Amino acid sequence: MAADLLLLRAFGVLLLLLFCPCTSATDEAFLVVHKRASISKLKSVEHVTVSISLHNVGFSTAYDVSLNDDTWPSEKFNLVNGNASNSWDKLEAGKSVVHVFVLESREKGLFYGAPAVVRYRITGKSALQEAFSTPIHELDLLAEKSSEQKFLWLKDFAVKYGPL
């Protein structure tokens, strides 16, 4: 719920930036980066699937796009699938790419992930621009779910989606 509100706020700010007449360079590339993390439990281990979406909402191509998400310490996570970084030669205006990787949690407790960093160029030889992803919600790793918590989750789900 909090992540949805954060995404809605970010979308509102994005719309304001896109349609505000005070913006000076409306024909440049502009990247919006959204980071999500979800936990799935497999037997005795927990996997964290991280999905990072890059959207070029500007009006020109972004070049030399590089993504780096080094916010997952090796003391707490093992990389199971994929890489925490990636790069693309270009990201055309109006296009999106999604990068996914999977981690395995090693420690029990709360984890607060920082935003991922994306660097790109507006033209082939311009200075590097920097964009940061949305932050992720706190992750409660290897937490024991009591039957009361499961019941409350089921009750919330029924209230929210029952009438549908």
Side-chain angles (χ1 to χ4, degrees), residues 1-40 46-107 109-141 156-157 160-161 164:
M1 183 71 128
D4 292 337
L5 288 173
L6 184 63
L7 181 61
L8 189 58
R9 286 182 186 162
F11 184 71
V13 169
L14 173 66
L15 285 177
L16 180 65
L17 287 174
L18 283 177
F19 297 111
C20 179
C22 60
T23 57
S24 61
T26 57
D27 59 343
E28 294 180 350
F30 183 80
L31 297 187
V32 175
V33 186
H34 181 66
K35 179 177 171 180
R36 291 183 208 129
S38 60
I39 298 174
S40 57
E46 254 180 15
H47 283 181
V48 178
T49 303
V50 180
S51 171
I52 304 173
S53 305
L54 288 79
H55 309 279
N56 185 351
V57 297
F59 296 103
S60 68
T61 301
Y63 296 96
D64 300 329
V65 180
S66 66
L67 164 70
N68 188 12
D69 189 15
D70 59 359
T71 61
W72 306 93
S74 59
E75 306 84 45
K76 293 185 179 193
F77 299 97
N78 287 331
L79 188 61
V80 175
N81 190 7
N83 290 315
S85 62
N86 201 355
S87 62
W88 300 266
D89 290 333
K90 63 182 179 176
L91 182 57
E92 295 175 355
K95 301 292 182 180
S96 299
V97 292
V98 178
H99 179 70
V100 179
F101 58 96
V102 180
L103 303 158
E104 181 179 287
S105 58
R106 298 169 110 187
E107 273 186 22
L110 293 177
F111 178 76
Y112 301 91
V117 178
V118 175
R119 291 182 177 87
Y120 64 99
R121 296 182 193 280
I122 295 173
T123 62
K125 296 182 180 182
S126 67
L128 279 174
Q129 305 294 311
E130 201 168 62
F132 296 94
S133 73
T134 55
I136 60 169
H137 57 84
E138 72 180 30
L139 299 175
D140 195 1
L141 302 169
D156 290 342
F157 182 82
K160 187 173 183 180
Y161 297 107
L164 299 176

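Quantities reported herein were computed from a predicted structural model and do not represent experimental measurements.
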Kindly give the heavy-atom pair with the smallest separation between [X] and [Y], and that separation in Å.
{"X": "D140", "Y": "I39", "value": "O-CD1, 3.9 Å"}
{"X": "S60", "Y": "A29", "value": "OG-N, 2.9 Å"}
{"X": "S51", "Y": "V98", "value": "OG-CG1, 3.6 Å"}
{"X": "N56", "Y": "A62", "value": "ND2-N, 3.6 Å"}
{"X": "D69", "Y": "T71", "value": "OD1-OG1, 2.7 Å"}

How long is the straight-line distance from [atom2] of [Y] back to [atom1] of [X], given to the nearest 0.5 Å?
{"X": "L54", "Y": "L91", "atom1": "CG", "atom2": "CG", "answer": "6.5 Å"}
{"X": "F30", "Y": "I122", "atom1": "CZ", "atom2": "CD1", "answer": "10.5 Å"}
{"X": "E107", "Y": "E75", "atom1": "CD", "atom2": "CD", "answer": "8.0 Å"}
{"X": "R106", "Y": "L141", "atom1": "CZ", "atom2": "CG", "answer": "13.0 Å"}
{"X": "E28", "Y": "T61", "atom1": "CD", "atom2": "OG1", "answer": "12.5 Å"}
{"X": "L128", "Y": "D64", "atom1": "CG", "atom2": "CG", "answer": "7.5 Å"}

For the pair S66 and Y120, evaluate side-chain contact (heavy atoms from CB on, under 4.5 Å) and give the outcome as yes or no after the intermediate values. CA-CA 6 Å; S66 66; Y120 64 99; over 6 Å; no
Would you confirm whether [X], through its side chain, and [Y], through its main-chain N or O, come within 3.5 Å as a donor-acceptor pair?
{"X": "N86", "Y": "L67", "result": "no"}
{"X": "R121", "Y": "S126", "result": "yes"}
{"X": "S133", "Y": "A116", "result": "yes"}
{"X": "T134", "Y": "K35", "result": "yes"}
{"X": "N83", "Y": "S85", "result": "no"}

Could you go through the side-chain contact (heavy atoms from CB on, under 4.5 Å) check for V118 and V65 one step at a time? CA-CA 7 Å; V118 175; V65 180; 4.0 Å; yes
[Y] side chain reached by [X] side chain, heavy atoms, under 4.5 Å:
{"X": "R36", "Y": "I136", "result": "no"}
{"X": "V117", "Y": "F132", "result": "yes"}
{"X": "H99", "Y": "W88", "result": "yes"}

Run the side-chain contact (heavy atoms from CB on, under 4.5 Å) check on L103 and N78 step by step: do they pass? CA-CA 5 Å; L103 303 158; N78 287 331; over 6 Å; no
In terms of side-chain heavy atoms, does E138 have a donor or acceptor partner in Y112 at a distance below 3.5 Å?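 Distance-only check passes for E138 and Y112.
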Going by atom types only, do S53 and H34 share a side-chain donor-acceptor pair under 3.5 Å?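 Distance-only check fails for S53 and H34.
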Test ring pair (Phe, Tyr, Trp, His ring centres under 6.0 Å) on F111 and W72; report intermediate values, then the result. CA-CA 9 Å; F111 178 76; W72 306 93; 5.1 Å; yes
Of V48, N81, V80, I52, which is the lone residue that meets side chain to side chain contact (heavy atoms under 4.5 Å, CB included) with F101?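 The passing option is I52.
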Which pairs with one or both residues in residues 79-95 pass salt bridge (Lys or Arg N to Asp or Glu O under 4.0 Å), sequence neighbours excluded?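 Qualifying pairs, neighbours excluded: K90-E92.
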